[in-house]
Novice: 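Below is a structure I'd like to ask you about.
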Amino acid sequence: MSANHHGEVLKHHFDNLEQQHAAERLGMWFFLVTEVLFFSGLFVAYTVYRNWYPAEFAFASSHLILWIAGVNTGLLITSSLTMTLAIRSAQLGDRRALIRHLLATFVLGAGFLGFKALEYYTDINERFVPGVMFRTELAKAEEELAASHGAAGHHGTAQHWAADLAKNNAGKSYTDPGYISPGRVQLFLCFYYIMTGIHGIHILVGLGCILWLVQQAAAGKIPRENYSTVEVVSLYWHLVDMIWLFLMPLLYLAGAGTHAAGH
Amino acid sequence: MHTEHKVDDPPTMHDVDSPGAMFLVFLVVLGLAVANILLATTGLGKLALPVQLGIASVQAVLVAYYWMHMRRGDQVVTLSALSSLFFVFIFYVLVLSDVLTRWRIAM
């Protein structure tokens, strides 16, 4: 280690670099604890409503786009690997590899957001959004279903989820077994948009931090002695990855195997 | 890679991850994600939620232990992580003990 870098990196209030790195990691861990508490409130609320309305949650979940969730899971897990490789590069003082791994992480994270944007775009196009869009599309599907009685081969213009819901509830009242409440389906969609939206914002923040790391590395401000700067950002990135590992099955697999998936 | 480390040494080499271990963790976590999706499509019924969350928990433990370096055994980090799990436990127990036992009006 060069004495110069040691002096530049070590803050005056720490005895040595190891103590400084441990303090930096601990500070990030304290922040991560608050993040876990924040998300766990959402997870608890989701658990309660899924327990109350399992059929509606399964129905809505089965109409989400599973292949995008699968691809995004792969992208995030791979980005966690490249982030860990970035720490190793920083520890070894390999600046070019550090920048390369950080950029790979950025591209994978941006890919996640790109697919997420495609998913939101498709959902909105299909009017699978709680509120006016949902109600009008369902009403349209119900009208088309009523008009098609006896007309073999009739194909409506309503979205597949609305047609499925209208068909399922045809001739049933809300107290009948098998009836799927449209209101509760919309409740699931609220959870879906809020949880994935907040998670997406976290990804966006992480991407900003990674770009900052790239800039710092390019400027030569991340010498070996300062590798914990990369590690601290990686802790945040891994937590965001970890939260997705729970979000994915809860939101996308709740209805897998129970209904014909829409996508 | 573990080498002899003293406090005054540059703390850059004493705990550098080996690429082999990192890739192995990657393959296991990715494989579990694929297994989770494939198992769900087979229709596990009531077992679906516990199986899915069980797989996700194993993935989370692997990520935390290896990639977030909890394996280093830093006691305050471990305490922080466990404290967050403890609060999550309280959230779930207090809420579900009410929700799962309370009489509800049929809606």
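Within every chain, numbering begins at 1; the chains are lettered A, B, ... in the order of the sequence lines, protein sequences first and strands thereafter.
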Novice: Under a 4.5 Å heavy-atom cut-off, does chain B meet the side chain of A/Phe43, its backbone, both or neither?
Specialist: both
Novice: Nearest 0.5 Å please: distance from the OG1 atom of B/Thr41 over to the CG atom of A/Leu66.
Specialist: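 Reported value, rounded in 0.5 Å steps: 8.0 Å.
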Novice: Identify the heavy atoms of B/Val16 and A/Arg88 that sit nearest to each other, and give their distance.
Specialist: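 That closest heavy-atom pairing would be CG1-NH1, 3.4 Å.
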Novice: Examine whether an atom of A/Glu231 lies under 4.5 Å from a heavy atom of chain B, and if so say whether it belongs to the side chain, the backbone or both; otherwise answer neither.
Specialist: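 For A/Glu231, the side chain is the part near chain B, not the backbone.
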Novice: Kindly give the heavy-atom pair with the smallest separation between B/Met68 and A/Leu235, and that separation in Å.
Specialist: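 Scanning both residues, the minimum pair turns out to be CE-O, 3.4 Å.
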Novice: With a 4.5 angstrom heavy-atom cut-off, which part of A/Thr47 approaches chain B: side chain, backbone, both or neither?
Specialist: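 Contact with chain B: side chain only.
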Novice: Any side-chain heavy atom of A/Arg25 sitting closer than 4.5 Å to one from B/His69?
Specialist: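 With C-beta onward as the side chain, the pair stays apart.
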Novice: Where on B/Tyr66 is there a heavy atom nearer than 4.5 Å to chain A: the side chain, the backbone, both, or neither?
Specialist: neither
Novice: Against chain A, label B/Val95 side chain, backbone, both or neither, depending on which of its atoms sit under 4.5 Å from a heavy atom there.
Specialist: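 The answer is the side chain of B/Val95.
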Novice: Side-chain contact test, heavy atoms from C-beta onward, threshold under 4.5 Å: evaluate it for A/Leu81 versus B/Trp67 and give yes or no.
Specialist: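 When only atoms from C-beta onward are counted, B/Trp67 and A/Leu81 do touch, with a gap below 4.5 Å.
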Novice: Enumerate the residue pairs fulfilling salt bridge (charged side-chain N to carboxylate O under 4.0 Å, His left out) with a member in residues 39-56 of chain A, sequence neighbours excluded, ordered by first and then second residue.
Specialist: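 For residues 39-56 of chain A: A/Glu56-A/Arg184.
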Novice: Quick check on A/Ile87 against chain B: is it the side chain, the backbone, both or neither that has a heavy atom closer than 4.5 Å?
Specialist: side chain
Novice: First locate atom CD1 of B/Ile55, then atom CE of A/Met248, and finally report the distance between them rounded to the nearest 0.5 Å.
Specialist: 9.0 Å
Novice: If you look at every heavy atom in B/Gln59 and A/Leu245, which pair is closest and at what distance?
Specialist: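 That closest heavy-atom pairing would be CB-CD1, 3.7 Å.
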Novice: Under a 4.0 Å threshold between the charged nitrogen and the carboxylate oxygen, would A/Glu18 count as salt-bridged to B/Arg72?
Specialist: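 Salt bridge: no.
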Novice: Can you give each donor-acceptor pair under 3.5 Å made by side-chain atoms of residues 26-37 of chain A, sequence neighbours left out, with the distance rounded to 0.1 Å?
Specialist:
unit_1  : atom_1 : unit_2   : atom_2 : d
A/Thr34 : OG1    : A/Phe31  : O      : 2.5
A/Glu35 : OE1    : A/His202 : NE2    : 3.4
A/Glu35 : OE2    : A/His202 : NE2    : 2.4

Novice: Quick one, A/Trp52 and B/Val99 - any side-chain contact, counting heavy atoms below 4.5 Å?
Specialist: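 In contact.
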Novice: Using non-hydrogen atoms and a 4.5 Å limit, figure out which bit of A/Met83 sits close to chain B: side chain, backbone, both or neither.
Specialist: neither
Novice: For a quick test of reading the model, state the closest non-hydrogen atom pair linking A/Phe246 to B/Ala60 and the distance between them.
Specialist: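 Looking at all heavy atoms of both residues, the closest pair is CE1-CB, 3.7 Å.
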Novice: Are the side chain of B/Gln52 and the backbone N or O of A/Leu250 linked by a donor-acceptor pair below 3.5 Å?
Specialist: no
Novice: Might you point out which heavy atoms bring B/Ile37 and A/Gly70 nearest each other, and give the distance in Å?
Specialist: CD1-CA, 3.9 Å
